[in-house]
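All of these numbers come straight from a predicted model, not from anything done at the bench. Letters A, B, ... mirror the listed sequences (proteins, then strands); counts begin at 1.
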Amino acid sequence: MPYDPSVIEPKWQKFWEDHRTFETPRTPGDRPKYYILDMFPYPSGAGLHVGHGEGYTATDILARWKRMCGYAVLHPMGWDAFGLPAERAAVREGIHPAIITKRNTDNFRRQIKRLGFSYDWSREVDTSHADYYRWTQWIFLRLHERGLAYRADVAVNWCPALGTVLANEEVSPEGTYKETGDPVERRLMKQWMLRITSYAERLVEDLELVDWPEPVKKMQREWIGRSEGAHIRFALEKGEGAIEVFTTRPDTLLGVTYCVVAPEHPLLARLTTPAQSASVQRYVEKTQRKSDRDRRADSKEKSGVFTGSSVIHPLTGAKIPVWTADYVIGSYGTGAVMAVPAHDQRDFEFAQAHSLPVVIVVRPEGRELSPPLDRAFEDDGVAVASGAYSGLKSEEFRRRVTADLTAAGRGEKKVSYALRDWLFSRQRYWGEPFPLVIDASGEAIPLPDDALPVELPHLEEFRPTDDGRPPLARATEWLRTEVPKTKAPAERETNTMPQWAGSCWYYLRFLDPKNDRMPFDPAVEKAWMPVDLYVGGVEHAVLHLLYARFWHKVLYDLGIVSTKEPFQRLFNQGMILAPSYQDAQGRYWHESAIETGPDGLRTTDGHLPVKSQVEKMSKSMLNVVSPDDVIAAHGADAMRLYEMFMGPLDATKPWQTSGIEGVYRFLQRGWRLMFTGDDDRLAEEVKDVAPEASARRFLARTVSGVTEDLKHLRFNTAIAKLMELVNELNQAPVRPLSTMRTFVLLVAPFAPHWAEEVWAKLGGKTTLAYEPWPTFDPADLVETEVELPICVNGKVKGRIMVGKTADEAQVVAKALADPNLLRILAGATPKKVIFVPNKMVNIVV
RNA sequence: GCUCACGUAGCCCAACGGCAGAGGCAGGGCACUUAAAAUGCCUUCAGUGUGGGUUCGAUUCCCACCGUGAGCACCA
């Protein structure tokens, strides 16, 4: 039988399933553990795409390799199954989201299984099942007990198109929902919040503990936005109280020429004088109407109005006018700033626009700064015109003035974060219900643990109610309940948790997925955590990874997890793009409708000229590659190999349908190395003999190279080395059986079905999944002789063979004796000779 | 606007600062075949985006610019 993936792949998938080949014991026992995790998918209606396949293939290769290296490998898969798309499909199709979700997860499972991944399916979890979200609710109660969950009237990101609010992290800089591009507006609503800000410091600090890509750490640091500075109080000129500002530059305190409060600032009304009342009110209203997007777009012109009031400078006692302007953000710092136009570009622009004075109080070291400035000088330097502080360097100034203000009770050192609390409720049906009730007075009362799960009631209609309440308000029976202790009437919360909730802890549930007494057994947690390698797309750099880290730290504080961080090593696979074809009208054509004409690419039908470009895969661009089609044509093993062979795992790279031919041929050639004809006859060249020295060395190099590449996730070069080995063996008159066995084991993690089948044909009695990974004799890697290039002035002019241990004198003597080199040197005396052992000789004349 | 990553044959991609090519696709030739496909063998193809610098020697390190991609964007 020739190599036929459509026969052997289902056969081995069934074998693995029947024999529970990849079920993992409850704890690793005395073997070293390796927890390798994929970011579990949201099972969309579109099915698996090749981008999923890339990450899952990479982790599967590593999982299989680690098993062969003797590790206890935990490699689970599950479904992030709550979410908006299923709910929208439910409205559209009139089918319950649970049914749609089941349909989608069934399809995903089928597609994933068809790729032959070695997941332990007995640990599968689904975040939308009550036996899972029961524990999501349980964790919420722990958050609530610790004061980390609270309800507040907050200005939220309301998305009218979706009919729900969104977290800050879900809104793009343009003021749209990141997923769909629908516009988002500001609205004041009572919402559940999680106090992630109280973990801000640790979320920054503990990034030091993990082995993550630097860009991801950077994005998290920037999102958290830690900055050190001071709070300084400017007393109101009239009446009690003060404006408190946050600044990172207390050393510019003497350069303050005005203060600004945000239009949302609580003191604004008190500050506004009757004479200014009308213009301030007009300004505030104008600002409120502006979306975030407009506010940002208008950022070039610094608008604002004078309040009519002044505050007292905490050091000089001078009167400082107070303005309100929308360039100051109400929700950051204290919502008020001291403006130093000479040393802050934004303040400078505002001062220019409104003819406010500019006072220079810092000059660059070794240089004077003279007015008028054409822009702010924002660097550190030396203080000038700052009374007793004059002459101090900025750093020293900051320390001293902060201490002085503290002593005077007018300020103190302060760290500020850009991170805001996490908006944790959504006006949706298809999410986790909150485990609490709201009594007649409007107070939220948590339910006891034994009341969990609070199950989602069945609904037929998933749109918001006519009076604008969330879909759950339609479940009138479910809604009416009582306070558990007092039996007083109460209502359930009609909001649900956001999609991120379930994915915040799924990696822990995988450890003990069937446990019905607790989320997971702490003993099991200790044995497996942390996740050793977590692979997924970089799009989750801030959202999911920040939220999960936050929950994990809360669980750590509760003493139910043993590690500070959940994911020790993170790897982001690159995006896979695909060529798309567009005619002059901008219409897209599928690759199959394109041919090469005399003047370039054109459509086969009608011969319209088209241009091709490489873009993100998308339905509308007709360039989506489906794993089902690829598998049907070339099999899962070829698909796996090609996904890895395209290029480095972290690179963005284009899918080329023709590229898969190469790896498919590799599998066929590998097969034919061992078997000929239509029966299972061994090829004549395969003999049970010991390999010759040179063949042994080649194999040792391959084993060593592939092993090294696997360590560093360099799958593309590992596969290239296996191809080299096939090319080499193909030429060889004799193919020792032991060499062929080693070859098969090396291929096994990459193309497991192929490898199992060949292994069995070569006499294997059972799966090779736990066969020891091939080793080699290091002596075989040592070359006794090497060919050295001889350079003259850096250019290669010849090459000589020398012994590996030859010293400089020997090598140079041999080089200078080379007739060709003698001719090139033409009697010139070498000025200098550079000798790099085993690398090269460079003669400089 | 700011930050980061990446630019190597027609294409995808390799090369501890040391011979630019490991591998694959596509192209060409030959063999097998009545023919084609498949297969096997052989083979063409770049001097590394541009301009400087460091070095005996640069695809690799540094600077500037161009191009592509990603992230951030009044955070005081």
Starting at atom CG of A:Leu746, determine the distance to atom C1' of B:G23, rounded to an integer number of angstrom. 16 Å
If I take atom CG in residue A:Leu722 and atom P in nucleotide B:G24, what distance separates them, rounded to the nearest angstrom? 12 Å
Return yes when atom NZ of A:Lys217 has more than 12 non-hydrogen atoms of other residues, nucleotides or ligands closer than 6.0 Å, and no otherwise. yes
Base, sugar-phosphate alone, or nothing: which one does A:Ser331 contact when heavy atoms must sit under 4.0 Å apart? nothing
Taking everything shown except A:Lys413 itself, do over 12 heavy atoms lie less than 6.0 Å from its NZ? no
Syn or anti for B:G71, given that syn means the glycosidic angle lies within 90° of 0? anti
Please give, in whole Å, the distance from B:G24 P to A:Arg665 CZ? 10 Å
Complementary nucleotide for B:U54 - Watson-Crick or wobble, under 3.5 Å: none
How would you label the contact of A:Arg714 with the nucleic acid (heavy atoms, under 4.0 Å): base, sugar-phosphate, or nothing? nothing
Reckon A:Asn730 touches a base, only the sugar-phosphate, or nothing at all at heavy-atom distances under 4.0 Å? sugar-phosphate
Mind checking the P distance from B:U33 to B:G28? Whole angstroms is fine. 23 Å
Say we look at B:U68 and B:A35: how far apart would their C1' atoms be, to the nearest angstrom? 47 Å
Atom CD of A:Glu378 and atom P of B:G1: how far apart are they, to the nearest Å? 17 Å
Send over the distance from A:Asp709 CG to B:C13 P, rounded to a whole Å. 17 Å
Is the shortest heavy-atom distance from the side chain of A:Tyr642 to the side chain of A:Phe666 under 4.5 Å? no
Identify whether any heavy atom of A:Glu728 sits under 4.0 Å from a base atom; if not, whether one sits that close to sugar-phosphate; answer base, sugar-phosphate or nothing. nothing
Who is the Watson-Crick or G-U wobble partner of B:C4, with both distances under 3.5 Å? B:G69
Can you check the distance between B:G10 and B:G17, where both ends of the measurement are the P atom (answer in whole Å)? 27 Å
Nearest of B:G23, B:A76, B:C12 to any side-chain atom of A:Tyr332? B:A76
What's touching nucleotides 27-33 of chain B from the protein side, N or O pairs under 3.5 Å?
none

Using 30° and 60° as the class limits, which term best fits the ring planes of A:His544 and A:His540: parallel, tilted or perpendicular? perpendicular
Using a heavy-atom cut-off of under 4.0 Å over every strand shown, decide if A:Asn716 touches base, sugar-phosphate, or nothing. sugar-phosphate
Less than 4.5 Å apart, side chain to side chain, heavy atoms only: is that true for A:Ile61 and A:Arg640? yes
Parallel, tilted or perpendicular for A:Tyr258 and A:Trp323, by the 30°/60° rule? perpendicular
Whole angstrom is fine here: how far is it from OH in A:Tyr664 over to P in B:G23? 23 Å
Can you tell me how far P in B:C13 sits from the matching atom in B:G52, rounded to whole Å? 29 Å
What's touching nucleotides 3-7 of chain B from the protein side, N or O pairs under 3.5 Å?
unit_1 : atom_1 : unit_2   : atom_2 : d
B:U3   : O2'    : A:Lys218 : NZ     : 2.5

